[in-house]
Amino acid sequence: MGDRIVLDITGMSCTSCSSNIEKALSGMADVKTANVSFTSKKAYLDVFDTIDLETIIGTVKNLGYDAALERDELTTNADKETEHLESEKKRLVWAWAITIPLTVKMLGEMVFGFYPEGRALALYIDLAVSLPVIFIIGFPVIRSTFYAVKSFSFNMDSLIGIGTIAAYSTGILRVFGMDIESFAVVGAMIMSINFIGSYLKEMATGRASQAIKQLLELGAKFAHKVNGDGSLADVSVETLQVGDIVLVRPGEKVPVDGVIVDGETSINESIATGEAIPSDKKVGDPVIGATVNLQGAVRIKIEKVGKDTFLSRIIKMVEEAQGSKVPIQAFADKVTAIFVPVVLLVALGTFIFWLLFPETGQQILTRFSSIIPWIRLGRGTTSMALFAGIATLVIACPCALGLATPTALMVGMGKGAMKGIIIRNGEAIQTAQKIDVVVLDKTGTITEGKPVVTALQTTLEKNKFLELLASVENLSEHPLARAIVDKAEEAGLQLKKPKRFKAIPGKGIEAVIGTKKIIAGSVSFFSELNIATDSIEDTITGYQEKGQTVILAAKEGVLIGAAAIADEIKPDSKEALDKLRAMGIKTIMLTGDNEKSARAIAEAAGIDEVKAQLLPQDKVEIIKQLQSEGKVVAMVGDGINDAPSLGQADVGIAIGTGTDIAIESADITLVSGSLIGVPRAVKLSRETFRKIMQNLFWAFFYNIIAVPLAVLGLLHPVVAEVAMAFSSINVVGNSLRLKKVSID
């Protein structure tokens, strides 16, 4: 068995459940680490090879939950979520179909003293009709309560279960002659209201995980497979194998990851990059599954299927990230872990207080009796003690507190995924919102990472000069030579084959084209050869001051022109850096390039500070120095040469290339090569963390206000349950509002 196990968990009702399971699994000898997510209903385990899967599942079942090894099919999570929501809806409908008549009957008795069947018979009716709501429809809650008491690991269901059983028991005690008020109907109402809260919470958290569903829906369902004889067969995408050839027509989705083997087209890769600008593709170019073919028909050779595809990897990364935790959640988890036992003690203390000091309690009630409609003065001592104790149990469920962080994380990370921002863990969210310095690599991060010809100066006609220069450079593999050849090919020029070719390393090339000797090379090389460059000296100086490399060309010893070559700044790098500055973040470029070229790029891009001619270890030392000054540092790089710096930074942000996004050294990966994702990622982290703090505030504030009211007997158990359910829904609703926040 591998070192990583993912389990699907069913039966969890709140984050206390996930905490209890996580604690039990973490305590197993063969489990290295365990992370149980309530929102994704999964357990992520790092285990030793000796672990037994049945033992793990048995541990979960002993706590009253069900567990199964995660299935490979990505669609099962969404399907299971839909099934669970439908189950909750059925419970809700059946519970209220029974409870509504009971509620109407109870209100008639309370307000008008109306007992058409007589008081004695009314009690039996209450007990008979409430029983299926609490113990049959509400069996999962009662079952969870039983296991919680058995293992002494309490959760939200424990408080609801104990509260409803206590309420129902008052009717039983009254039947046996005890002079107390029956709250049997109240118990049924509490359970039914709990179902409302559960249904709305499941529906809301389902919406919070909508990003996963949207990603799943992006994939193609069918493909045109090219058979050996050239004929086409429409097949399900699931049946495709590596090496198959498929035809993708204009307007259709690319079925899975592959490479173009025939045709040219333009593809909308916004699901991978977050950018709507189409990408031109030709033979040999890779394509990503679920992207949209816009123009020509192309044939694609399949290279990846199933879990190995780009879309599948993105979904798994987002799922695991949504199940991760931020550091502040550790505090909330600790509070939640001790909250339920404390509430049980407070409820017991409340019950004892009203038994021992009924006069004091009645004095409190008298002061509020004129403004709170459910206060009933003169209620029996035991009845009032049960009334206040039950209200305390149900009002103090810490569900809102437990949902505060994971729901905001789920929405925030899902929103990021749809924009091509893959946040690898929850800790990055909390750290990224405090970033005040962003250090960036130059090549491939701020710039394109590919030399291109930016200008030509010649005594010949420009295309004639470019054709001659490219013909000389065509046999060279040097990146600068390839830039010149690419420029000529883009112009549609026909290159000539040199009769004689000689490369002089570090200097240039000598070749014979036709009958003429052509020399191409650096300015210093031409100086060595005493070829006059006075006529374009100012032009050469101008190119060099801009950080561009100059290639000169001469025919028969006479200068005929110059080409300026540069690694150009990406189109939106300056916009991204301007946005970072507007957010109060300082930018520093760290590069191994020469000082002049680095400063030219920095000036054009709007970088605050430049440090050039650095080795990888130098970059790490600079980041350490910034951190020692109290700065929170993000490093942006390509994730390969800059891996040490990405690891040292407080937040590592890797620039991806579409298909290579799983860069292990980074906390955040930008699927596109665009720097615009950096300010987006920072803003997303700030907005997500702000929602987390808002949620935690309201969860704490609600309990601080509500629990004392319940203890003092000023809160009806039914109203307490409504308030408890509303608080959870409010927290989830506040998290969902994050979806409407713009990060552009």
Side-chain angles (χ1 to χ4, degrees), residues 14 16 134 141 145 148-149 152 154-174 178-191 193-194 335-369 371-401 699-727:
C14 66
S16 293
I134 297 172
V141 176
T145 302
V149 173
F152 207 73
F154 299 100
N155 55 30
M156 189 192 81
D157 279 349
S158 307
L159 300 181
I160 298 299
I162 293 172
T164 52
I165 291 172
Y168 187 81
S169 298
T170 59
I172 300 293
L173 294 174
R174 185 170 180 83
M178 193 169 180
D179 186 19
I180 60 171
E181 186 175 351
S182 172
F183 296 116
V185 176
V186 170
M189 291 178 68
I190 290 172
M191 187 66 80
I193 294 168
N194 178 56
V335 172
T336 303
I338 64 172
F339 200 77
V340 175
V342 168
V343 168
L344 288 170
L345 292 175
V346 171
L348 179 61
T350 300
F351 179 78
I352 294 172
F353 166 79
W354 281 94
L355 282 180
L356 298 180
F357 307 102
E359 298 83 4
T360 304
Q362 289 297 329
Q363 290 174 7
I364 295 171
L365 295 182
T366 302
R367 294 185 180 183
F368 294 93
S369 59
I371 58 173
I372 299 180
W374 52 76
I375 288 181
R376 190 184 305 171
L377 297 174
R379 179 183 269 140
T381 299
T382 305
S383 295
M384 193 60 223
L386 286 165
F387 180 92
I390 293 169
T392 303
L393 280 173
V394 298
I395 193 63
C397 290
C399 198
L401 181 61
F700 278 115
F701 180 79
Y702 152 81
N703 278 297
I704 289 170
I705 297 298
V707 172
L709 293 177
V711 170
L712 295 175
L714 301 176
L715 210 56
H716 194 287
V718 171
V719 177
E721 174 60 22
V722 171
M724 188 279 292
F726 174 77
S727 70

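- Ala347 and Gly389 get closest at one heavy-atom pair: CB-O, 3.8 Å.
- At distances below 3.5 Å, at least one donor-acceptor pair connects side-chain atoms of Trp354 with backbone N or O atoms of Val711.
- Expressed to the nearest 0.5 Å, how far CG of Leu709 lies from CD1 of Ile372 amounts to 7.5 Å.
- Rounded to the nearest 0.5 Å, atoms CG (Leu386) and CG (Leu393) are 10.5 Å apart.
- The CD1 atom of Ile371 sits 8.5 Å away from the CG atom of Leu714 when rounded to the nearest 0.5 Å.
- Residue Ser383 holds its OG atom at 8.0 Å from CE of Met178, rounded to the nearest 0.5 Å.
- Taking both residues in full, the closest heavy atoms of Thr366 and Ser369 are given as O-OG, 3.0 Å, listed atom of the first, atom of the second, then distance.
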*Assess whether side chain to side chain contact (heavy atoms under 4.5 Å, CB included) is satisfied between Ile134 and Val141, documenting all intermediate values.*
CA-CA 9 Å; Ile134 297 172; Val141 176; over 6 Å; no

Run the side-chain donor-acceptor check on residues 179-191: report pairs under 3.5 Å with partners two or more places apart or on a different chain.
from: Glu181; atom 1: OE1; to: Arg376; atom 2: NH1; distance (Å): 3.3
from: Glu181; atom 1: OE1; to: Arg379; atom 2: NE; distance (Å): 2.6
from: Glu181; atom 1: OE2; to: Arg376; atom 2: NH1; distance (Å): 2.7
from: Glu181; atom 1: OE2; to: Arg376; atom 2: NH2; distance (Å): 3.3
from: Ser182; atom 1: OG; to: Ala184; atom 2: N; distance (Å): 3.4

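- One distance of note links CG of Leu712 with OG1 of Thr360; it measures 11.0 Å at 0.5 Å rounding.
- Taking every heavy atom of both residues into account, Ile395 and Ala710 meet most closely at CG2-CB, 3.8 Å.
- Considering CZ of Phe387 and CG of Leu365, their distance stands at 8.5 Å, rounded to 0.5 Å.
- The two residues Thr145 and Ser158 make their nearest non-hydrogen contact at OG1-CA, 3.8 Å.
- Not counting sequence neighbours, the partners of Phe353 by the ring-ring contact (aromatic ring centres under 6.0 Å, His included) test are Phe357.
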Distance-only criterion, 3.5 Å: show the donor-acceptor pairs between side-chain atoms of residues 159-166 and protein atoms not counting sequence neighbours.
from: Thr164; atom 1: OG1; to: Ile160; atom 2: O; distance (Å): 2.9
from: Thr164; atom 1: OG1; to: Gly161; atom 2: O; distance (Å): 3.0

